[in-house]
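In what follows, every chain begins at residue 1, and chains take the letters A, B, ... in the order their sequences are listed.
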There are 2 protein chains.
Amino acid sequence: MAVTLKDIATECGVSYSTVSKALKDSPLVTEATKRKIKEKAEEMNYIPNNSARSLVSNKSHTIGLIWPAVDRVAITTLATQVNEALKQAGYFMAVSIDNPITAASKFLELRFDGVIVFDEGEATTLPEKITNNIPVIAYGVARKLPYPIINVHHNWAMKQAVDLLIEKGHQSIDYIGELHTKDIRQIVKKETIENYCREKQINYRLIDSGGLTETATKQAVKEFLKTETLHDGIICGSYDITMGALHHIDGLESRKTIIAYDNIKQFKSIEMPIYSVGVPAEQIAEGLVKHLIRNIEAERKNTSEIIDLYPSLQYHEKK
Amino acid sequence: MAVTLKDIATECGVSYSTVSKALKDSPLVTEATKRKIKEKAEEMNYIPNNSARSLVSNKSHTIGLIWPAVDRVAITTLATQVNEALKQAGYFMAVSIDNPITAASKFLELRFDGVIVFDEGEATTLPEKITNNIPVIAYGVARKLPYPIINVHHNWAMKQAVDLLIEKGHQSIDYIGELHTKDIRQIVKKETIENYCREKQINYRLIDSGGLTETATKQAVKEFLKTETLHDGIICGSYDITMGALHHIDGLESRKTIIAYDNIKQFKSIEMPIYSVGVPAEQIAEGLVKHLIRNIEAERKNTSEIIDLYPSLQYHEKK
DNA sequence: TACCCGAATAACAACGTTGTTATTTTAAGA
DNA sequence: TCTTAAAATAACAACGTTGTTATTCGGGTA
């Protein structure tokens, strides 16, 4: 069916091993021969067989990304960045949106070179039976795993946010975010606010956004405002939550300081200036890829390390 | 490194070909031997090598999905459904969010069995050089391609919507949707409204949502309402656009009829009852998978056919 | 002219499977 | 006990590559 090295060899009147060498620019083949072979290969639309290559070289130059919850906008940006970073490093990224164990098993069967997991807590833990056999790196909230995890330090971000509000003179803080959830990211943010505000002896309230979407938040804040008013120092748990809350915040209320948590850069077309805190997706992607590739190339066993990335504050004004 | 058939064979004191047969439950091996081998394989954590299998059988039982724009919610639902349908049919789905040509070339090298493309028009057309070598099916708006495309007939949907509004007695229609875009889906919807309303001699206005998001629509409709008012018959181009528009529509205005275009089923927690029109994602997924698998198994060449799926109207009320 | 050396190319083994063919083992019948 | 057929298992070729080893082919030198 498909064109093989042998077909090209027959066509060019050389042996197939010469074709193999020619196509990978080996110095063992004359320039003239190489040129002829390459032309012929192009003409015949030769497509290398990765299965055969992988069989002999034990390399597929493909990385599997396990991404069970394809929704969040922030993480979509991250996926794109990871794809880019991997491409740069000479690897192809194949995503599975299946459940983590199924996905990882298949990646193993396909002899991919490594696995990246968008970790969502317990349900996305890969068993050692799998992780003993392939380099893995996770992205998520710090926890003990048989493979490294990159942690964007949500609590450090929240502390920075609180510190800024204090510095700006706010004595009372409102945190708007998802409170009733199993999403570990949201839990960490919420709990950090609680603990740190107590520690700093600052008043705080937790306002449930009722979900991670703009719509949910808009509705929730509307309800909240029926009986209470918002404080001037506000921390929002995500980009979408910020957008939802902003429906009810007058752009001219310059007393207010709003800090949004997120990993994306563009906070554009917002009426009032806001702060954001988080690790840029690009930086996370780079970290994931760098660590994974290093482990692949060193043929190192997975370790339990936790790799911390520290968020930074940014100020956004409508241009 | 990894455990192979040979390792299991040595361990069990049989030949590797017997192990191969045992593991796939061939009747050529005694039950007792099979049991012993299977236990040993499990114990040794044997993971079949897909590269080797693929090399000899020319099957990888893997389908590549080309999905260059990982964002829209509706299409996320579809991806999940496609994954499910493929799994049901015994195939694994690997997604690439890279550009279509790169993705398809890699799928070819990896010797995947077929390709599904979420078509976005010209930029996502695969060249025959690729499509001559692997079964392909696209999902998008009907157009001539060297491979089949499943078309959800946006224009038929829009016509149904207009017909319903006419039937309900509305003489003037507002269409809220993305007007300035290269997204062919949006263009088709817009143009169908224009042409069909003219044909039916109905007044219509096109209101630009300024994008496909809820936020953009909310803002756009707000602007619009500063100088004009909405008609009672309203068609919204998507789920998110509907949500955006609903911010400005009083839940009690029962004179109004709102029809939302989308392929998802859940239009929940909406204040006022609305209609929706579209082909359910599940049905699209089923169509894609059925056609693709059929072509794979029949080893048929790709054809240029256009496969139409017809949308249906649904009524949604808050429960 | 015969010899040798290096350059160019060819031949071959291996990777881990599957499916076909060959060999061994088992048990039944005489 | 021997023969024979069937059942069980073993051996082998093939899939398309890569990397190593073997062979061939031209010169240049004696």
Side-chain angles (χ1 to χ4, degrees), chain A residues 1-38 40-41 44-62 106-113 133-134 299, chain B residues 1-38 40-41 44-62 106-113 133-134 299:
Chain A
M1 193 71 251
V3 178
T4 71
L5 289 185
K6 220 173 273 179
D7 299 327
I8 303 175
T10 316
E11 203 69 22
C12 292
V14 296
S15 81
Y16 65 90
S17 55
T18 302
V19 177
S20 169
K21 287 170 189 54
L23 290 181
K24 46 177 33 83
D25 246 338
S26 157
L28 297 177
V29 183
T30 331
E31 278 308 323
T33 319
K34 270 195 222 174
R35 197 157 2 92
K36 190 180 65 183
I37 292 176
K38 283 180 181 171
K40 207 72 188 173
M44 296 174 76
N45 189 24
Y46 167 70
I47 297 151
N49 185 324
N50 220 300
S51 297
R53 281 190 173 167
S54 167
L55 195 54
V56 42
S57 69
N58 250 312
K59 297 235 149 306
S60 62
H61 295 281
T62 307
K106 267 304 188 168
F107 289 164
L108 226 45
E109 287 185 19
L110 290 165
R111 292 299 189 269
F112 284 0
D113 295 337
N133 289 288
I134 189 169
E299 294 180 35
Chain B
M1 192 73 250
V3 178
T4 71
L5 289 185
K6 221 172 269 177
D7 298 328
I8 303 175
T10 315
E11 202 69 22
C12 292
V14 297
S15 80
Y16 65 90
S17 55
T18 301
V19 176
S20 168
K21 287 170 188 56
L23 290 181
K24 46 177 32 84
D25 245 338
S26 157
L28 297 176
V29 183
T30 331
E31 279 307 324
T33 319
K34 269 195 222 173
R35 196 155 7 88
K36 190 180 63 180
I37 291 176
K38 282 179 182 172
K40 206 73 187 172
M44 296 175 75
N45 189 25
Y46 168 70
I47 297 150
N49 186 324
N50 220 301
S51 298
R53 279 190 173 167
S54 168
L55 195 55
V56 42
S57 68
N58 250 314
K59 296 235 150 307
S60 62
H61 295 282
T62 306
K106 268 302 189 169
F107 289 165
L108 225 45
E109 288 185 18
L110 289 165
R111 291 298 189 271
F112 284 180
D113 295 338
N133 289 286
I134 189 170
E299 294 178 36

Mark yes or no for whether [X], through its side chain, and [Y], through its backbone, hold a donor-acceptor pair below 3.5 Å.
X       : Y       : result
A:Lys38 : A:Asp25 : no
A:Thr4  : A:Lys6  : yes
B:Ser26 : B:Leu28 : yes

ask   = Of B:Tyr46 and A:Leu28, whose nearest nucleotide on DNA chain C comes first from the 5' end?
value = A:Leu28
key: Nearest-nucleotide comparison on DNA chain C, the residue closer to the 5′ end among A:Ser57 and A:Ser15   =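 First, find each residue's nearest nucleotide; the 5'-ward one identifies A:Ser15.
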[N] phosphate, OP1 or OP2: any side-chain N/O from [X] under 4.0 angstrom?
X       : N      : value
A:Ser20 : D:dT18 : yes
B:Thr18 : D:dA8  : no
B:Thr4  : C:dG16 : no

request  = Classify the side chain of B:Ser17 versus the base of D:dA11 as yes if they form a donor-acceptor pair under 3.5 Å and no if they do not.
outcome  =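 Present.
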Criterion side chain to side chain contact (heavy atoms under 4.5 Å, CB included) on B:Asn49 and A:Leu55, from CA distance to verdict = CA-CA 8 Å; B:Asn49 186 324; A:Leu55 195 54; 4.0 Å; yes
query = Hey, mind stepping through A:Leu110 and B:Thr62 against side chain to side chain contact (heavy atoms under 4.5 Å, CB included) and telling me if it holds?
reply = CA-CA 9 Å; A:Leu110 290 165; B:Thr62 306; 3.9 Å; yes
Given atom [atom1] of [X] and atom [atom2] of [N], what is their separation to the nearest angstrom?
X        : N      : atom1 : atom2 : answer
B:Leu23  : C:dT18 : CG    : C1'   : 12 Å
A:Lys34  : C:dT9  : NZ    : C1'   : 14 Å
B:Asp7   : C:dT17 : CG    : P     : 9 Å
B:Asn50  : C:dT18 : CG    : P     : 10 Å
B:Leu108 : D:dG16 : CG    : P     : 14 Å
A:Lys59  : D:dG19 : NZ    : C1'   : 16 Å

Which of the following nucleotides, [options], is nearest to the side chain of [X]?
X       : options                : result
A:Lys21 : C:dA11, C:dT17, C:dG16 : C:dA11
A:Val56 : C:dC12, D:dG16, C:dG16 : D:dG16
B:Thr30 : D:dT18, D:dA8, C:dT17  : D:dA8
A:Asn49 : D:dG19, C:dC12, D:dG16 : D:dG16
B:Ala52 : C:dA10, C:dT17, C:dT18 : C:dT17
A:Arg53 : C:dT18, D:dT18, C:dA10 : D:dT18
B:Val29 : D:dC15, C:dT18, D:dT9  : D:dT9

task = Tell me what A:Thr33 touches on the nucleic acid: a base, only sugar-phosphate, or nothing, going by heavy atoms under 4.0 Å.
result = sugar-phosphate
inquiry  = Over all strands shown, is B:Ser54 touching base, sugar-phosphate only, or nothing at heavy-atom distances under 4.0 angstrom?
reply    = nothing
ask   = Passes side chain to side chain contact (heavy atoms under 4.5 Å, CB included), A:Tyr46 versus A:Val19? Steps please.
value = CA-CA 11 Å; A:Tyr46 167 70; A:Val19 177; over 6 Å; no
